[in-house]
Amino acid sequence: MKFSAIIVAAIIGFICSCAEGTSCRRPRSLRKGRYEYQNSADYGLTHLPVNYIVRAVCEPDATLVGDEFIICQDNGQWSDYPYCHAPLVCFRLPESPANGYVRMRGKSARSIAVYRCNPGFELHGQRTVVCNEATGSWQGDVPRCFRPPSCPDPNEPSGMLALVLDENSGIKHDDLYTERTVFNYTCQTGYHPTGDVTITCQNGSWEADADVPECNKIICAPPTLEPIENGTHNIENRTYNVGEMVQYECNEGYLVDGISWQVCQSHGGPNGIWSDNVPSCKVARCPHPGSRHLDNGEISFSPRNGQGATNSWPVGAVMTLRCRSHLELLGSSERVCQPDGHWNGTLTSCHNEEYDCPALGNPIHGSKVGSPQYRVNTKVNFRCNHGYEMVGSEERMCTFSEEWTGEMPRCMGRDEFDELSRVMNGLGKTFDEIVIDGGSWVGRNDTSSNSGLRRKRTIKLSDGMDIYFAFDASNSVGLENFEIGKTFAKQLVGKLQVNTSPGGTRVGAVSYSSEARRLFNVNDFTSTVDVVKAIEANVNYTNKGTNLPAALETIGVMITETADESGYSSRKRILFIITDGFSNVGGAPSKSAQPLKEDAALKIHCIGISRNTDKTALAEIASPPVSEHVFYLSDYNELERAVEAITSTNRSYEECGKSKHPSGTSRIVGGSESHSGDWPWQAALYDEDSNQLLCGGSLIHKNWILTAAHCFIKDRTPVLSQNGTTVYLGLTHRVNDKNRPGVRCEGSDYAPGLLQGPVDGGEHNDIALLRLDREAELSPFVRTVCLPPNDPQKVNWYLNHKRTAFVTGWGHISFNGEDSPALREIMIPLVKDGTCTSAMSGRKGETVRVDTTTEFCAGSENGIIRDACQGDSGGPLVVQRNEKYRQIGIVSYGIKCGVTFGVYTRVPHYVDWIEGIINE
C-alpha cells in the first residue's frame with residue numbers, strides 16, 4: 001500500500017514516540033468499509049502508538065463520512081471516527097401471496113414492491129409495500145388472493161355444533177364469501193366432534209366433505225380413588241365432564257404441596273385430561289429467617305431442638321429477637337410459628353437514634369445488599385435468595401422527611417402465600433372504603449331506636465366511582481372456582497347502591513381466556529339488582545388460555561367510551577383481577593396496565609390463587625403500595641372464606657396514626673388538595689347557629705377532639721353557640737362529603753376549665769378539648785391520631801428543627817381571604833426556638849412574644865411561602881415515624897399568612913394534662 005509524502009513525514013513522529021509507551025486501541029472495524037494500516041504486521045496489534053496513521057476506505061456503494069486519515073493522539077484517542085454510509089437495501093424478498101406473485105421495483109430505500117393475483121383471483125388488501133429506510137425491511141401487510149365471492153352465509157348448525165371460518169381459505173366480501181372459502185365444524189366447550197368435517201364454497205353453494213358430525217361429551221376418569229396421606233379429597237367413582245373439578249385438603253398441621261384442585265380439561269381429543277398432578281400433604285413448618293436476619297441483634301428459638309434438616313421450625317416454635325442495649329427494637333420482639341407456615345408479628349429491626357430514617361430489617365429468604373446507610377438521600381437495596389420472588393421495592397431511599405420511599409419487600413417462594421388474616425384485613429378495608437364511597441355504610445352506631453335494626457344511608461358524591469371486574473375464565477380455574485370468583489363480585493356489588501348518575505357508583509365487567517370478552521360496561525345497568533343478575537347470567541366459564549393483556553386493553557376501551565365531558569373523567573376507578581396463574585398469551589400484562597394506572601387513575605387490585613401465580617408479574621400489574629393491592633392465596637376456598645369474613649365482620653380501625661397518605665410535599669397557602677383517608681383524624685368544627693366553619697381539630701379519642709382554645713374564646717371569655725358545636729369527621733371536601741355516613745358527631749361539652757387552657761388565664765395555653773355527645777364511628781376515613789410521648793428525651797426527636805411536619809386545614813388559600821372547600825395539606829420545616837423568637841419579635845409594629853415552653857414555630861423557609869392561615873386554627877400538625885403519625889402541634893397564630901413562621905401549641909407539653917382529662 002502507498003501513503004502520500006505528508007504521511008511519510010509523520011512516521012518520524014511515530015518512531016520517536018514508541019518509547020513513551022502511549023497508545024490508542026485499534027479502531028473498530030468499519031461497516032461497509034475497512035481500515036488500511038502502514039504495514040501488514042500492524043493488523044494483529046490491539047494497540048497502536050501515538051502519531052500512528054490509519055486510512056479509512058469504503059466499499060464502492062458507500063460514502064465516507066469523516067476524515068479519510070486518522071491519527072493516534074497523545075490522549076489515547078483517534079483524531080476522528082469516520083464511518084461508511086450506504087443506502088439501506090431490503091435484501092429479503094417480500095412474501096408472495098398464495099395464488100399470486102410480487103414484482104419489485106428495486107431493493108433500495110423507498111423502493112416499491114407490487115402484488116398481483118393469478119388469473120381468476122381477486123386481490124384483497126394493499127397492493128404495494130415499501131422498503132423502509134430505517135429498518136431495511138418491506139413495510140406493509142401481505143395481501144391475499146381469493147376467487148370472486150359467490151356464497152351467502154352458511155346455515156348455522158343446531159345443538160352443540162358450530163362453524164368456524166378458516167381465514168386462510170377465504171373471506172367475506174360485502175354479503176358473500178369468496179370461492180373456496182372453508183368452514184370447519186366444531187363443538188362447544190366440553191364436547192368433541194365424531195369426525196373432522198368441512199364445508200367449502202363452490203360455484204355459489206356450500207358442499208360438505210362428509211356427513212355432519214355429532215358432538216360427544218369429553219370426559220375424564222377419576223384422577224385417583226386412593227386416599228392421600230394426612231389429607232382428604234372429594235373424588236367420586238364416576239366420570240367427570242370438562243370444567244368439573246376435584247378438591248384436596250390437608251389435615252390440621254399439614255399444608256398442600258402442589259395445586260389443591262384438579263380440573264377436567266379438553267385436550268383435542270374425545271378424552272379429557274386432568275390439569276395437575278395429585279398433590280401431597282407436607283408438615284407445616286416456618287422458614288428459618290437466616291443468620292443475618294437481624295442486624296445488630298440476636299435471635300433465639302424455643303424449643304432449641306425444633307430446627308430440622310429442612311432448615312425450618314415446627315408450628316408453635318417461638319422466635320425471640322433482641323437488639324443491643326443501646327438500640328431500639330422496631331417491630332415484634334417475639335414471633336410464633338403459625339399452622340399456616342407463617343411467623344406471626346411483624347418484621348424486626350434495630351434502630352439507632354442517630355439514624356435519619358428508621359432501620360430496615362432483612363426479609364425472610366432475602367437480605368440487604370452491601371452496607372446499608374440510614375442517612376438522608378442514601379439508598380438501600382434488597383435481593384432475594386435463589387428461587388424466591390421479590391414482592392415490594394427492590395430499592396428504597398431515605399427522604400428529607402426521614403421516611404423511606406417504596407415499601408418493604410417480601411421474598412416469596414412458589415409455595416408461599418399470604419396469611420388469611422392479612423388477606424381478610426387488607427381486602428376488608430378496601431371493601432369498606434368502596435362501600436362508603438359507593439353510597440352505603442352500615443355503622444355500629446347507626447341504629448334505629450325503635451327496632452334496633454341497622455339502617456343504610458344513601459349518599460351522593462361529586463365525582464362518583466366505577467368498579468370493574470376481570471374474571472379469569474381459563475381452563476385451569478374450574479367451574480366451582482369460577483363461581484367463587486363471581487361470588488366475590490356479587491357480594492361486593494350487593495353492598496353498593498348502583499346508579500349511573502354523574503356522582504353515582506357504576507359497575508363493568510370483562511372475562512378473559514385466550515381472548516377478552518366484554519360482558520357489560522359501567523353505563524349498561526342502573527341498579528344493584530341488575531348488575532348482580534348480569535354477573536350471574538353473562539359471566540361464563542370458557543375453558544381456554546390466559547390473555548390478561550387483552551382484558552386490560554378491553555377495560556381501557558370501556559373507560560374511554562364513558563369518560564365524557566359530563567364529569568366522568570374525574571371519577572374514581574377500581575379494578576379487581578382474580579386469576580389462578582400467569583398470563584401466557586398477549587405479552588407482558590404490566591405494559592397494558594401501566595397506561596391505565598397513569599392516564600385513567602385506575603386502582604388495580606390483584607388476587608393471585610395457586611402456586612402457578614407469577615408473584616412478581618402480578619405485583620407489577622397492581623397499583624402501589626403492593627401490600628394493599630396484591631394478595632396471594634393457595635386456593636379458591638381461601639378466597640371464599642375471606643369473602644365470607646369480609647362481608648360479615650366489622651374491622652378494627654382502633655390503631656391510631658394510620659393514614660393512606662403518601663409521602664410528598666405541598667402547601668396550604670396556594671397548596672394542594674388531600675384525598676380521602678389521607679388525614680382521617682381531621683375534624684371540622686362548625687357553629688350550629690350560623691353553620692359557619694369555626695376551626696379545625698383532630699380526633700384523639702373516640703369521643704374527644706383536640707383543638708385550639710381561641711376558637712371558643714373572645715377577650716378571655718368563653719363564646720359558645722346557643723345550639724352548640726357540630727363536629728364533622730371524615731370530610732375531605734366540606735360540601736360534597738357532608739352527607740357521607742358517619743361524618744357528623746355533635747360536640748356538646750367542653751371539659752371543665754379548658755377554654756382558657758390548663759393554666760387559668762394563660763394566654764400561651766392555646767389548647768382545648770371538646771367532648772362529643774357520642775363516640776365517633778371509626779372507618780377507613782375516620783381514625784384517631786397518636787399523641788406524642790411525654791418523655792423529654794423521646795420528644796426531642798419529634799421537635800428537632802431538622803424535622804418536617806404536615807399541617808392540614810380548610811382555611812385561606814390566598815392572601816385575599818379565599819377559603820378552601822377541599823382539605824389541603826402542606827409539609828413544612830420546624831424552626832429552632834431561638835430563630836422563632838427573634839423572627840417573630842423583630843417585625844416592625846408586629847411584635848409577638850413566643851413562649852417556647854408551650855409553643856414552637858414552623859413554616860416559611862428560604863423565601864418559600866409555607867404556612868397555615870386563617871380558618872386553619874385548631875388543626876393538627878403531625879410528624880410520621882415508623883408508619884404512624886403523631887400530633888405535635890395545634891395551629892395557633894401568626895403574623896399574616898406565609899410572611900414568616902406560624903406559631904403552634906406544643907402538644908407534648910400537655911400530654912399528661914390531656915390524658916388526665918380523658919381518663920376522668
* Asked: Is the shortest heavy-atom distance from the side chain of Tyr636 to the side chain of Met245 under 4.5 Å?
  -> no
* Asked: Between the side chain of Tyr632 and the main-chain N/O of Lys615, is any donor-acceptor distance below 3.5 Å?
  -> yes
* Using atom types as modelled and distance alone, determine if a side-chain donor or acceptor of Gln126 lies under 3.5 Å from a backbone N or O of Pro143. => no
* Are Lys486 and Glu483 ion-paired here, with the side-chain N under 4.0 Å from a carboxylate O? -> yes
* Structure fact -> Minimal heavy-atom distance between Gly170 and Thr181, with the atoms involved, is CA-OG1, 3.3 Å
* Asked: Counting distance only, does the side-chain N/O of Ser169 pair as donor-acceptor with the main-chain N or O of Val182 below 3.5 Å?
  -> yes
* Asked: Given the rule in the salt bridge (charged side-chain N to carboxylate O under 4.0 Å, His left out) test, do Glu36 and Arg34 qualify, once you have shown the distances and angles that lead to the verdict?
  -> CA-CA 7 Å; Glu36 292 181 351; Arg34 69 184 187 280; 3.0 Å; yes
* To do: For the residue pair Leu575 and Leu552, establish whether any side-chain heavy-atom pair is separated by less than 4.5 Å.
  => yes
* Quick one: does Thr186's side chain have a donor or acceptor within less than 3.5 Å of a partner on Ala162's backbone? -> no
* To do: Could you tell me which non-hydrogen atom of His605 sits nearest to which non-hydrogen atom of Ile574, and how far apart they are?
  => CD2-CG2, 3.6 Å
* Counting N and O atoms only, with roles assigned by atom type, does the side chain of Glu179 sit under 3.5 Å from a partner on the main chain of Arg147, one being a donor and the other an acceptor? -> no
* Please report the closest heavy-atom contact between Pro148 and Gly120, naming both atoms and the distance. => CD-O, 3.4 Å
* Run through Asn184, Asp166, Asp209 and flag the one making a side-chain hydrogen bond (donor to acceptor under 3.5 Å, both in side chains) with Thr198. => Asp209
* Structure fact -> Of all heavy-atom pairs linking Glu553 and Ser592, the shortest is OE2-OG, 3.3 Å
* Structure fact -> Test side-chain contact (heavy atoms from CB on, under 4.5 Å), reference Phe471, set Ile577, Val477, Ile578, Leu519, output is Leu519
* Count the heavy atoms of every other residue, nucleotide or ligand shown that sit under 6.0 Å from CZ of Arg518, and state whether that count exceeds 12. => yes
* Is there side-chain contact between Thr562 and Met558, with heavy atoms separated by less than 4.5 Å? -> no
* Is it true that atom NE2 of His124 has more than 12 heavy atoms of other residues, nucleotides or ligands lying nearer than 6.0 Å? -> yes
* Structure fact -> For Ala622 and His629 the tightest heavy-atom approach is CB-O, 3.8 Å
* So, do Cys201 and Thr178 sit near enough that their side-chain heavy atoms are less than 4.5 Å apart? -> no
* **Flag, side chain of Asp80 to backbone of Asp67, donor-acceptor distance under 3.5 Å** => yes
* Between Phe469 and Phe576, what is the ring plane arrangement, given parallel below 30°, perpendicular above 60°, and tilted in between? -> parallel
* **Positive for side-chain contact (heavy atoms from CB on, under 4.5 Å) with Leu639, one of Thr487, Asn481, Ile607** => Ile607
* To do: Using a 4.5 Å cut-off on heavy atoms from C-beta on, say whether the side chain of Ile171 contacts that of Tyr177.
  => no
* Gly608 versus Thr613, closest heavy-atom pair with distance -> C-OG1, 3.6 Å
* Asked: Any side-chain heavy atom of Tyr37 sitting closer than 4.5 Å to one from Arg26?
  -> yes
* Polar side-chain atom of Asn521 near backbone of Asn523 as donor-acceptor pair, under 3.5 Å -> no
* Side-chain heavy atoms of Arg410 within contact of Glu416, under 4.5 Å -> no
* Around Glu95, counting heavy atoms of other residues, nucleotides and ligands shown, do more than 12 lie under 6.0 Å from its CD? -> no
* Close side-chain approach of Phe382 and Cys411, heavy atoms under 4.5 Å -> no
* When you measure from the side chain of Trp261 to the backbone N and O of Asp276, does any donor-acceptor pair fall under 3.5 Å? -> no
